[in-house]
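See below for the structure under consideration.
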Amino acid sequence: MIEDAYSPRDLEQKWYARWLESDVFNRKISPDQPPHTIVIPPPNVTGILHMGHILNNTIQDVLIRRARQKNRSAFWVPGTDHAGISLQIKVEKELAEKGKTRQGVGRETFLELAKNWREKHGNIILEQLKKLGISCDWSALKYTLDPDYSRSVLAAFVKLYQRGYIYRGLRLVNWCPASMTALSDEEVIMREQHAILYSIKYEIVEKPGEFLIVATTRPETVMGDVAIAVHPEDERYRDLVGLHCWRPIVRESIPIIADEAVLKDFGTGALKVTPAHDAVDFAIGQRHGLPIISVIAKDGKLNDLTGPFAGMDRFEARRKVAEYFFKNGLLAKEEPYLNRVGYSERAGVSIEPMLSEQWFLRYPCVEEAKLAVREGFVCFWPKRWEKTYMHWLDNIADWCISRQLWWGHRIPVWYRKEGDRRDPRNWHVSIGGPKDPENWDQDEDVLDTWFSSAIWPLAVLGWPDEKAMETMGFDYFYPTEDLVTGPDIIFFWVARMIMLGINLLGDGEKVPSPKEIQRHIPFRNVYFTGIIRDNLGRKMSKSLGNSPDPLDLLDKYGVDGVRVGLLSMAPNGQDILFSEERVSQGKKLCTKLWNSFRFRQKNATEGDRTSLAAIVERIDENVLEADDWAILGKLLAAMEEFEGAMKAYEFNRAIQILYTFFWSYYCDWYIEVSKARRNATVFAVHDLVLRQLLLLFHPFIPFVTEELWHDHGYGTRFLAEERLETTEQLRGYLSGIGLENMQSLIGEVELIRELVMAVRALKAQFGLSSRRDVKFYFKTDPAARAIVNRHYHNVKYLLLTQFFSETEAALPFPACAVTLGSIYMDTADSLDVAAQERRLQIEIEELSRLIAINEKKLHNEHFLSRAPNGVIQGARDLLTENIAKKRELEAALLKLLTVRQT
RNA sequence: GGGCGGGUAGCUCAGUUGGUUAGAGCGGCUGGUUUACACCCAGUAGGUCGCAGGUUCGAGUCCUGUCUCGCCCACCA
């Protein structure tokens with residue numbers, strides 16, 4: 001027997017421990033089953049659990065549990081990410097508190113500290129994830145800095161280098177002066193900010209006393225100016241092109257040139273060209289063969305080429321240089337200006353475009369990656385993200401993959417000592433390094449963390465080590481089935497995994513065929529979750545303090561409640577407005593399920609429940625009544641709809657379907673009506689419905705379903721080992737006991753429901769307590785009478801009345817009309833005739849309106865000739881029904897008026 | 001500047017390829033401790049589906065325009 005009260009916490013601890021002990025989530029390579037693999041998006045080791053993790057991992061858990069139910073060999077690979085910059089910043093902060101720097105302690109000690117940090121804090125997030133009840137194969141846990149994973153990363157680098165996709169070059173990169181490293185374009189976020197647009201006067205060399213005015217937001221870079229550019233078709237400056245200007249401060253003559261990149265209508269139409277510190281300027285400089293003068297150092301301070309400003313921070317220098325121009329009469333104008341500036345998201349400072357030697361990846365298999373999605377080898381859910389993906393791939397630029405950090409995978413390149421590092425002949429690229437290490441220096445830099453993430457689906461399955469691949473079942477489990485992630489990392493992660501998967505698994509020589517692409521893609525489906533927002537629509541973040549602590553929520557509502565509540569508010573790929581109310585509803589659902597079993601168990605509990613067949617065996621088809629068939633029919637319909645929703649990854653709809661079936665039809669109707677018929681067959685029907693409900697709900701609410709399953713004797717195996725019967729299989733079982741005859745019986749139940757609800761409403765409308773026993777009279781034709789008779793006990797029970805009898809004529813009582821006929825309520829004493837008259841008038845008017853609509857339709861030639869038969873018949877039926885109801889109400893009204901007159 | 005998404009009941013959202021009278025939960029109000037459940041039951045009010053056109057027998061659904069909110073991308077210094 002189950003406990004009276006549902007207390008989630010006990011169940012959670014008990015079952016998760018048992019599941020893990022039994023290895024029920026561990027992968028099994030079984031060739032007779034199709035595989036279903038999911039790789040977790042590795043959370044940061046520096047992270048703590050937030051609502052996004054709960055959503056994301058619950059969805060994965062639902063998918064993987066469903067896969068098991070459908071007889072797939074499921075494998076969910078967990079793991080974590082080393083979080084390069086983010087962890088390095090944390091360790092540096094700890095050092096700073098002790099007055100130390102990473103350079104001070106040296107690389108080796110620093111890495112030791114980082115490792116310790118990770119060991120201390122890195123598993124917190126995993127322990128938190130486990131609380132969610134997620135069914136990963138923990139024996140396959142991977143970490144991006146594990147030795148074998150690291151070898152995979154280096155192998156990928158070497159392979160891509162050998163295939164000509166990786167090169168080293170001097171390029172303008174996004175430099176973060178705070179963390180002192182280059183960043184990829186994707187790591188730079190544009191922010192609007194209030195700046196000042198300065199108009200600076202440059203004296204023309206050939207025309208002393210005449211000035212060219214240039215607008216800039218960055219006066220501190222003038223010392224790096226190498227030209228002034230104007231648009232070739234700009235009439236104002238045509239005569240000046242070819243002449244020169246005096247560069248102020250570090251005085252030098254620089255040319256005035258013409259370039260199409262200059263916008264005529266911005267500022268004065270003249271641009272100062274600083275190739276070392278601006279992307280547009282760099283391009284102009286390249287086109288015109290201009291020199292490159294860097295004036296800002298890696299720490300964001302002005303270097304010694306800046307004369308009096310050397311050593312000054314870039315922002316201070318900006319003000320000071322502007323001041324200098326003002327004092328020297330070179331500042332023509334100064335105006336407030338709103339512009340966009342790139343920021344390093346992690347470090348929170350504005351990035352500096354800077355010329356620097358870095359390693360780059362020219363993306364391989366860009367076209368193939370597009371084809372994979374276009375052809376549906378990889379499906380995006382929702383589909384619209386394909387556009388974002390395609391657009392990025394269409395405008396793709398090489399990826400700066402080197403980082404000037406220590407925490408990460410050190411670049412597997414060695415340079416010959418004393419050799420020129422820019423000359424590839426002095427390079428050695430391999431996983432293990434050169435045989436004579438004493439003659440070489442390894443590159444100091446590490447790889448972008450996203451580079452290691454880009455091979456996640458390959459590396460967790462052992463690639464490229466053949467033995468490891470065999471152990472992990474690479475050939476069996478790859479490609480993976482579902483990837484669940486946020487659309488914000490389409491570029492960072494999803495697209496890169498697709499490109500690298502296709503390239504690295506291919507031979508790298510000939511163009512891969514569509515078949516090969518299909519085999520080499522890392523996943524078949526990508527489900528993009530929404531972003532969780534608070535009830536004001538703001539992104540949930542620690543700094544805003546608007547995010548509930550997920551652990552508190554789990555505590556308060558139980559894991560199952562949070563899971564199902566959160567998914568029920570997650571519309572397909574739309575952002576999610578978080579509501580604690582919905583989470584609470586999730587818990588209520590679990591409680592209700594619990595209580596429905598209590599009802600079942602308060603009655604006789606005997607009977608074999610160990611299989612669907614055994615339960616069906618207990619059903620005596622001669623005892624079955626309309627209500628039984630109706631609930632079984634609803635179950636079939638709900639299952640069918642549920643399957644459709646799940647196939648489309650519409651989890652909120654799927655939950656809604658189960659919820660409505662369970663709550664409205666099963667609990668509110670079937671349990672109630674079956675209370676009058678407590679026989680073995682009815683309890684077998686309960687057992688059947690409850691069993692299927694547990695299976696259907698299990699992926700969403702694994703703990704409470706597991707508990708109830710075992711408690712009610714459905715089996716001794718874990719639900720993770722049970723298969724879910726398909727709708728067709730269930731239909732098969734029910735056909736065996738006469739399913740085919742049930743349609744008309746289900747229709748009867750609907751008619752009785754209509755009647756019961758109408759009469760309840762009638763009672764409420766007259767302010768009668770729902771407990772009050774009232775006499776009802778029922779007026780109808782013989783056929784309907786027979787139906788009512790068959791459900792007589794239910795009608796009386798549900799209306800809480802002892803008296804429900806026939807009448808041949810209209811009565812002077814409050815009345816309502818339903819499809820089966822009209823009902824009069826004997827209020828005996830206190831009848832407000834005027835109120836009843838008003839009510840009837842309103843209802844008659846409403847019916848008249850509906851009748852008019854349908855009559856108009858049915859008199860329309862075009863409607864009759866063009867609408868499908870079903871629709872026309874529907875309109876006819878409705879018309880007939882409404883006319884009948886109206887007639888009944890008119891009779892009731894007439895009777896009422898007659899009584900009033902006498 | 002380009003792209004994407006949303007605008008349906010007080011709130012959060014459903015609404016399949018156009019087809020019966022636009023739904024659910026929450027909240028509001030009314031009545032109820034009927035031996036599974038007050039984390040419950042019964043009932044009820046509340047909507048010109050952002051706006052304007054168009055296509056159609058029929059539009060929340062399709063087309064055009066428009067307003068508005070949000071997100072992403074883009075080298076106006």
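Values reported hereafter were calculated over all heavy atoms of this structure, with side chains retained and with hydrogens, waters and symmetry mates removed. As the structure is a prediction and not an experimental result, all values here were calculated from the model.
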For [N], give its Watson-Crick or G-U wobble partner with both distances under 3.5 Å, or none.
| N | value |
| --- | --- |
| G70(B) | C4(B) |
| A42(B) | U30(B) |
| A24(B) | U12(B) |

Within the structure shown, what part of the strands sits under 4.0 Å from [X] by heavy-atom distance: base, sugar-phosphate, or nothing?
| X | value |
| --- | --- |
| Pro487(A) | nothing |
| Glu672(A) | base |
| Ala867(A) | base |
| Tyr666(A) | nothing |
| Lys675(A) | base |
| Ala279(A) | nothing |
| Arg582(A) | base |
| Met757(A) | sugar-phosphate |
| Ser596(A) | base |
| Asn860(A) | sugar-phosphate |
| Cys590(A) | nothing |
| Asn882(A) | base |
| Val273(A) | nothing |
| Ile671(A) | base |

Gap in Å between the two [atom1] atoms, one belonging to [N] and one to [M], rounded:
| N | M | atom1 | result |
| --- | --- | --- | --- |
| G19(B) | G15(B) | P | 13 Å |
| G23(B) | C40(B) | C1' | 23 Å |
| G10(B) | A52(B) | C1' | 27 Å |
| C26(B) | A45(B) | C1' | 15 Å |
| G27(B) | G60(B) | C1' | 24 Å |
| C13(B) | U34(B) | P | 38 Å |
| G65(B) | G28(B) | C1' | 39 Å |
| C63(B) | A42(B) | C1' | 46 Å |

Assign each of Lys588(A) and Asn603(A) to its nearest nucleotide of RNA chain B by heavy atoms, then name whichever residue's nucleotide is nearer the 5' end.
->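 Here Asn603(A) is the residue nearer the 5' end.
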
Report the residue (Tyr6(A) or Leu263(A)) whose heavy-atom-nearest nucleotide on RNA chain B is the more 5′ of the two.
->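 On the 5' side of the pair lies Tyr6(A).
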
Tell me, yes or no, whether the heavy-atom count around Glu861(A) atom CD, taken from other residues, nucleotides or ligands under 6.0 Å, exceeds 12.
->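 It does not: Glu861(A) CD has 12 such atoms or fewer within range.
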
Can you establish whether the number of heavy atoms outside Arg236(A) located under 6.0 Å from its atom CZ is more than 12?
->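 Counting neighbours around CZ of Arg236(A), more than 12 heavy atoms of other residues, nucleotides or ligands fall under 6.0 Å, so yes.
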
Among [options], find the nucleotide with the atom closest to the side chain of [X].
| X | options | value |
| --- | --- | --- |
| Arg384(A) | U21(B), U44(B), C4(B) | C4(B) |
| Asn854(A) | C72(B), U21(B), C26(B) | U21(B) |
| Arg598(A) | G43(B), A36(B), G19(B) | A36(B) |
| Asp668(A) | C39(B), C41(B), U21(B) | C41(B) |
| Pro868(A) | A36(B), C72(B), G19(B) | G19(B) |
| Lys387(A) | C76(B), G3(B), U20(B) | G3(B) |
| Gln656(A) | A24(B), C41(B), C4(B) | A24(B) |
| Leu878(A) | A77(B), U20(B), G19(B) | U20(B) |

Would you say the side-chain atoms of Thr216(A) pair up with the backbone N or O of Arg218(A), donor to acceptor, closer than 3.5 Å?
->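 Yes, Thr216(A) side chain to Arg218(A) backbone: donor-acceptor pair under 3.5 Å.
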
Are any side-chain N or O atoms of Thr268(A) and backbone N or O atoms of Ile213(A), one a donor and one an acceptor, separated by less than 3.5 Å?
-> yes

Please give, in whole Å, the distance from [N] [atom2] to [X] [atom1]?
| X | N | atom1 | atom2 | result |
| --- | --- | --- | --- | --- |
| Trp381(A) | C4(B) | CH2 | P | 20 Å |
| Asp281(A) | C76(B) | CG | P | 12 Å |
| Asp877(A) | U21(B) | CG | C1' | 14 Å |
| Glu192(A) | G70(B) | CD | P | 12 Å |
| Phe662(A) | C40(B) | CZ | C1' | 12 Å |
| Glu861(A) | G58(B) | CD | P | 14 Å |
| Glu335(A) | A77(B) | CD | P | 12 Å |
| Asn339(A) | C75(B) | CG | P | 14 Å |

Output yes when at least one side-chain N/O atom of Tyr198(A) is less than 4.0 Å from OP1 or OP2 of A77(B), else no.
-> no

Below 4.0 Å: OP1/OP2 of C41(B) and any side-chain N or O of Trp663(A) = yes

Salt-bridged, Glu881(A) to Lys885(A), with N to O below 4.0 Å?
-> yes

May I ask you to decide whether Lys272(A) forms a salt bridge with Asp281(A), counting only side-chain N to carboxylate O separations under 4.0 Å?
-> no

Please evaluate the base of C39(B) for a donor-acceptor partner in the side chain of Lys592(A) within a cut-off of under 3.5 Å?
-> no

With Phe380(A) as reference, evaluate Tyr527(A), Trp385(A), Phe528(A) under the ring-ring contact (aromatic ring centres under 6.0 Å, His included) test and give the passing residue.
->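 Result for ring-ring contact (aromatic ring centres under 6.0 Å, His included) with Phe380(A): Phe528(A).
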
Closest non-hydrogen atom pair between Ala195(A) and Asn339(A), with its separation = CB-OD1, 3.6 Å

Have a look at Leu290(A) and tell me which of Val273(A), Thr274(A), Ile254(A), Asp225(A) forms a side-chain contact (heavy atoms from CB on, under 4.5 Å) with it.
->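 One option only clears the test, and that one is Val273(A).
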
